[in-house]
Novice: 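Sharing a structure with you now.
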Number of protein chains: 2
Amino acid sequence: MPVTIKDVARVAGVSITTVSHAFNGHDDVSADTRDRVLQVAKELNYRPSHVARSLVLQQTHNVGLLVSDFNTNPGGHHFLFDVMAGVHDQLAEFGYDMTLLSTTTAMQRLVSYIDFCTERRMEGVIVMGMRMNDPYMREVADAKLPSVGIDLPILSPHCGYVMTDNIQGAMHAVRHLLAKGHQRIGFINGHAEAVVSVDRLHGYQTALREAGLKVDPDLVVHSNFLVQGGEEATTVLLTKAPDVTAIFYASDLMAIGGMRRLLRMGKRVPHDVAVVGYDNIDLGEWVVPALTTVAQRRYDMGKASVDMLMGMLRRQERPRACLLTSEMVVRQST
Amino acid sequence: MPVTIKDVARVAGVSITTVSHAFNGHDDVSADTRDRVLQVAKELNYRPSHVARSLVLQQTHNVGLLVSDFNTNPGGHHFLFDVMAGVHDQLAEFGYDMTLLSTTTAMQRLVSYIDFCTERRMEGVIVMGMRMNDPYMREVADAKLPSVGIDLPILSPHCGYVMTDNIQGAMHAVRHLLAKGHQRIGFINGHAEAVVSVDRLHGYQTALREAGLKVDPDLVVHSNFLVQGGEEATTVLLTKAPDVTAIFYASDLMAIGGMRRLLRMGKRVPHDVAVVGYDNIDLGEWVVPALTTVAQRRYDMGKASVDMLMGMLRRQERPRACLLTSEMVVRQST
DNA sequence: TTGCATATCCAAAACGTTTTGGGTATGATT
DNA sequence: AATCATACCCAAAACGTTTTGGATATGCAA
């Protein structure tokens with residue numbers, strides 16, 4: 001039904017070879033015929049088939065964005081959406097398309113996501129939202145398919161990653177609190193299976209030691225990155241260590257929950273307890289008091305992952321570990 | 001490089017026709033050879049090429065999700081992310097892939113998005129985040145390409161739409177406030193180019209008239225759906241109509257901004273001024289006071305748009321207007 | 001034995017491109 | 001006049017599938 005290169009050739013009175021050459025700017029076609037071909041193509045509204053071209057060129061210009069548990073990722077949009085935008089835009093910059101994949105749907109189709117990508121002849125895949133204990137982890141690591149993980153620190157012959165330097169980020173946050181004179185600084189972390197949690201804990205501890213303080217295990221509580229988790233963990237923390245004067249939360253959502261709980265307990269933020277979050281979600285600016293937080297460059301993470309993948313694809317670069325810096329956003333909660 | 005149907009045929013000692021038939025469950029292949037072919041295919045790790053199949057079958061099983069200004073859509077993730085998840089999951093259910101498109105990147109590639117979709121032989125496209133005055137609007141409406149708009153009420157021979165019943169939603173909100181005894185109810189709307197704004201205003205006015213109240217133009221202020229806009233608009237509203245006892249905001253973000261501003265002005269929510277938002281974003285549950293709001297079924301909107309598109313594609317159904325109901329979520333702000 | 005239905009298989013065309021390896025004029029150089 | 005370079009053009013193969021229209025063999029009825 002759609003108009004093909006044959007139609008153009010027939011109407012323009014040339015061979016399909018010539019049409020192809022005219023379209024792709026080869027120099028063995030006279031200016032006259034080139035113009036005529038292009039004119040005819042425009043009149044017929046000809047659009048070359050990406051599918052046919054993919055088949056003959058053996059490259060699809062298509063990469064997958066694999067999101068773990070896309071549909072059931074509570075609060076995920078605060079982080080994933082911007083990363084996705086970065087991935088998409090930068091792929092477009094290179095002339096690549098982005099196909100969205102989810103582990104859940106892959107699972108229910110009963111094919112590994114690698115098979116899924118192979119069938120579609122995807123040139124690579126970017127993975128995000130996955131935990132270290134995810135069953136798909138090994139598959140990502142072992143795959144021949146060029147891939148880049150976001151917040152998923154796997155280095156293998158075909159798999160690189162990009163993530164925020166969470167150690168540095170957490171150190172920033174704790175140093176900021178130390179500079180404000182705090183000594184008893186609580187840390188409410190995300191779940192331990194998240195790789196970022198490990199690093200943030202490490203950064204928290206390092207910053208304390210750096211200041212000559214001892215690391216008190218009672219000051220650290222694990223939670224789930226969400227508002228309610230932040231609330232509950234705050235109660236736990238305050239019973240274990242009632243003397244904290246500052247709390248560092250591993251996500252803004254938990255920090256918002258924490259502030260809410262602190263308020264309930266009659267503690268004033270930042271007067272009685274200072275609060276720092278992590279992520280810089282848009283609403284952090286508008287809660288009361290406005291949230292001091294560590295900003296991740298989400299959009300840039302998406303872009304960087306594409307850059308790495310393109311390097312692997314087009315310049316045979318080896319996969320790397322790419323760490324992006326983060327920066328403090330100081331507002332009223334400290 | 002990847003293993004093809006030829007390889008399987010050669011190793012199994014049959015023709016490629018037989019391999020194809022074995023794979024697609026045709027009955028003119030003996031059980032013996034079928035098993036052998038499948039066995040060989042598994043050993044070679046054969047994956048049929050989706051590309052080649054698309055070419056010969058003339059259908060790609062691919063639809064585009066066109067997001068207007070994907071990267072520069074502030075606060076967009078609160079709504080778009082869930083819709084996207086619904087679209088993706090439901091497409092997967094039908095065996096379709098989802099390719100993400102953005103008007104901005106399409107624009108900078110200097111091709112209309114229709115051409116973009118035609119080149120890729122997409123079977124349809126779902127459009128979201130677009131305003132009525134968007135330059136791409138006409139293109140969507142006139143296109144031969146089967147399409148479904150989300151919150152974009154265009155009906156044409158090849159274009160249907162799904163949206164929340166915003167009239168009903170706004171009426172719910174206002175009725176709720178009326179039931180609480182409020183008479184002077186302000187309305188802070190989004191920008192007028194958003195179609196949802198028109199409907200929500202309509203619903204607001206209808207509910208008031210229904211209650212025998214006059215519609216006072218001083219009670220309506222237009223803003224931009226965002227937190228800061230909500231703040232500013234609240235000030236404007238309160239200078240024009242200092243006697244309001246309730247405000248209905250056309251987005252949760254504006255409602256959050258509004259509550260913040262009200263607090264600053266010494267008004268207590270809900271005691272002095274009751275507040276209702278729209279959207280049911282996740283954080284509405286956690287602000288203080290927790291936000292009463294109108295919940296849109298975002299995920300379902302995505303699913304519904306896919307269902308409609310599939311109906312058009314596979315059963316030649318005509319594009320329709322699909323309205324989803326919304327429901328009140330009553331919390332502490334009223 | 002012949003004819004015929006059935007079961008099983010396959011060669012070749014088709015899908016819409018790109019690329020290879022030429023071919024035929026034309027004009028300039030010997 | 002013969003040779004050669006150049007400019008322009010094209011037929012055919014290839015990419016990896018599906019589908020069409022048989023072909024061959026087997027078993028059974030006439």
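Throughout, protein chains are lettered first and strands after them, A, B, ... in sequence-line order, and every chain is numbered starting at 1. Predicted model, so just to flag it, every value in this text is computed and none were measured.
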Novice: Rounded to whole Å, please give me the gap between CD1 in Ile16(A) and C1' in dT18(C).
Specialist: 9 Å

Novice: According to side-chain contact (heavy atoms from CB on, under 4.5 Å), who are the partners of Ser49(A), at least two apart in sequence or on a separate chain?
Specialist: Val51(A), Ala52(A), Arg121(B)

Novice: Using the side-chain contact (heavy atoms from CB on, under 4.5 Å) criterion, which residues pair with Glu317(B)? Sequence neighbours excluded.
Specialist: Arg315(B), Arg320(B)

Novice: Note down the inter-axis angle between the two ends of the helix from dT1(C)-dA30(D) to dT30(C)-dA1(D), five pairs each, to the nearest 10°.
Specialist: 80°

Novice: Counting any heavy atom closer than 4.0 Å, what does Ser30(B) reach on the DNA or RNA strands: base, sugar-phosphate only, or nothing?
Specialist: sugar-phosphate

Novice: What pairs with His158(B) under ring-ring contact (aromatic ring centres under 6.0 Å, His included), at least two apart in sequence or on another chain?
Specialist: none

Novice: By side-chain hydrogen bond (donor to acceptor under 3.5 Å, both in side chains), which residues pair with Thr99(B), not counting sequence neighbours?
Specialist: Asn62(B)

Novice: For DNA chain C, what residues of residues 39-57 of chain B have any heavy atom nearer than 4.0 Å?
Specialist: Leu55(B), Val56(B)

Novice: Where do N or O atoms of nucleotides 23-27 of chain D meet protein N or O atoms at under 3.5 Å, pair by pair?
Specialist:
none

Novice: Would you compute the distance between atom CD of Gln39(B) and atom OG1 of Thr33(B) and round it to the nearest 0.5 angstrom?
Specialist: 13.5 Å

Novice: Nucleotides 23-25 of chain C: which of its N/O atoms have a protein N/O under 3.5 Å away?
Specialist:
none

Novice: With side chains defined as the heavy atoms from C-beta onward, is the minimum distance between Ile126(B) and Val306(B) less than 4.5 Å?
Specialist: yes

Novice: Of all residues at least two apart in sequence or in a different chain, which pass the side-chain hydrogen bond (donor to acceptor under 3.5 Å, both in side chains) check with Asp165(A)?
Specialist: none

Novice: What are the residues of residues 3-14 of chain B, sorted by number, that bring a heavy atom to within less than 4.0 Å of DNA chain D?
Specialist: Thr4(B), Ile5(B), Lys6(B)

Novice: Identify, with sequence neighbours excluded, every residue that meets salt bridge (charged side-chain N to carboxylate O under 4.0 Å, His left out) alongside Asp35(A).
Specialist: none

Novice: State which residues pass salt bridge (charged side-chain N to carboxylate O under 4.0 Å, His left out) with Arg314(B); sequence neighbours excluded, sorted by chain then number.
Specialist: none

